[in-house]
Amino acid sequence: KQEVTQIPAALSVPEGENLVLNCSFTDSAIYNLQWFRQDPGKGLTSLLLIQSSQREQTSGRLNASLDKSSGRSTLYIAASQPGDSATYLCAVRQNTDKLIFGTGTRLQVFP
Amino acid sequence: EPEVTQTPSHQVTQMGQEVILRCVPISNHLYFYWYRQILGQKVEFLVSFYNNEISEKSEIFDDQFSVERPDGSNFTLKIRSTKLEDSAMYFCASSAYGGQGETQYFGPGTRLLVL
């Protein structure tokens with residue numbers, strides 16, 4: 001059974017820092033991995049999707065990498081801003097319809 | 001930019017009552033999903049729907065739950081007789097073709113509280 005874990009559970013950093021969020025999964029047979037942002041009490045905003053054949057994807061200050069064989073993905077946020085404060089979720093998709101989510105990393109960026 | 005919308009944003013109901021949660025997926029998307037997130041827990045898959053049929057469902061999606069596409073735009077989740085443990089945030093999502101390489105786009109959620 002696929003298990004998705006995210007470390008750290010929470011992170012508090014000053015504005016301007018570059019930071020890395022980690023996601024690990026136990027079964028490397030995935031089709032893709034998606035990173036989401038969730039603001040308190042709100043929905044999920046898709047940030048990046050990495051196909052299993054890809055190594056990384058970039059969008060603005062965000063860069064996500066995927067090492068499928070070792071069951072890891074990282075989300076790199078450059079030059080963090082207070083507006084980046086949110087919970088970041090990763091989710092993997094296997095050969096079914098469903099996304100399997102991690103528990104999330106709650107990020108706070110203070111001025 | 002097209003987005004998934006959900007109504008209501010919040011719903012409070014008494015245990016045993018029926019509730020219907022509504023979603024309008026992104027137009028021209030063909031695959032629809034429901035997920036839920038109990039407070040403090042992971043987001044969990046409930047069901048996927050394609051071509052007016054359930055494509056896949058989880059063990060959570062028992063006989064108390066049903067889904068329907070009553071017209072060309074809405075997608076609904078019905079809980080027949082709510083239980084306290086059904087209290088959660090319910091998210092609707094859609095994707096264009098349901099392909100394994102596609103992004104699933106999520107709505108803002110409906111927060112359901114069962115008393």
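What you see is a predicted model; the values in this text were computed from it and never measured. Hydrogens, waters and symmetry mates are skipped; everything else that's a heavy atom, side chains included, is used.
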Under 4.5 Å from any heavy atom of chain B - which part of [X]:
X: A:Leu89; result: side chain
X: A:Leu49; result: side chain
X: A:Ser46; result: side chain

Short side-chain donor-acceptor distance under 3.5 Å, [Y] and [X]:
X: A:Thr74; Y: A:Ser65; answer: yes
X: A:Asp67; Y: A:Ser69; answer: yes
X: A:Asn63; Y: A:Glu56; answer: yes

Chain A: which of B:Gly40, B:Gly109, B:Ser9, B:Ser55 shares the most heavy-atom pairs with it under 4.5 Å?
B:Ser55
Among the options B:Tyr105, B:Phe91, B:Tyr50, pick out the one with the most heavy-atom pairs lying under 4.5 Å from chain A.
B:Phe91
Distance in Å, B:Ile38 CD1 paired with B:Met89 CE, rounded so as to fall on 0.5 Å steps:
13.0 Å
Region of B:Tyr35 that comes under 4.5 Å of a non-hydrogen atom in chain A:
side chain
For B:Glu102, is it the side chain, the backbone, both, or neither that has a heavy atom closer than 4.5 Å to a heavy atom of chain A?
backbone
So B:Ser48 and B:Ile54, side-chain contact (heavy atoms from CB on, under 4.5 Å) or not? Walk me through it.
CA-CA 6 Å; B:Ser48 59; B:Ile54 289 176; 5.8 Å; no
List the steps, then state whether ring pair (Phe, Tyr, Trp, His ring centres under 6.0 Å) holds for A:Phe36 with A:Phe101.
CA-CA 10 Å; A:Phe36 293 89; A:Phe101 283 82; 5.5 Å; yes
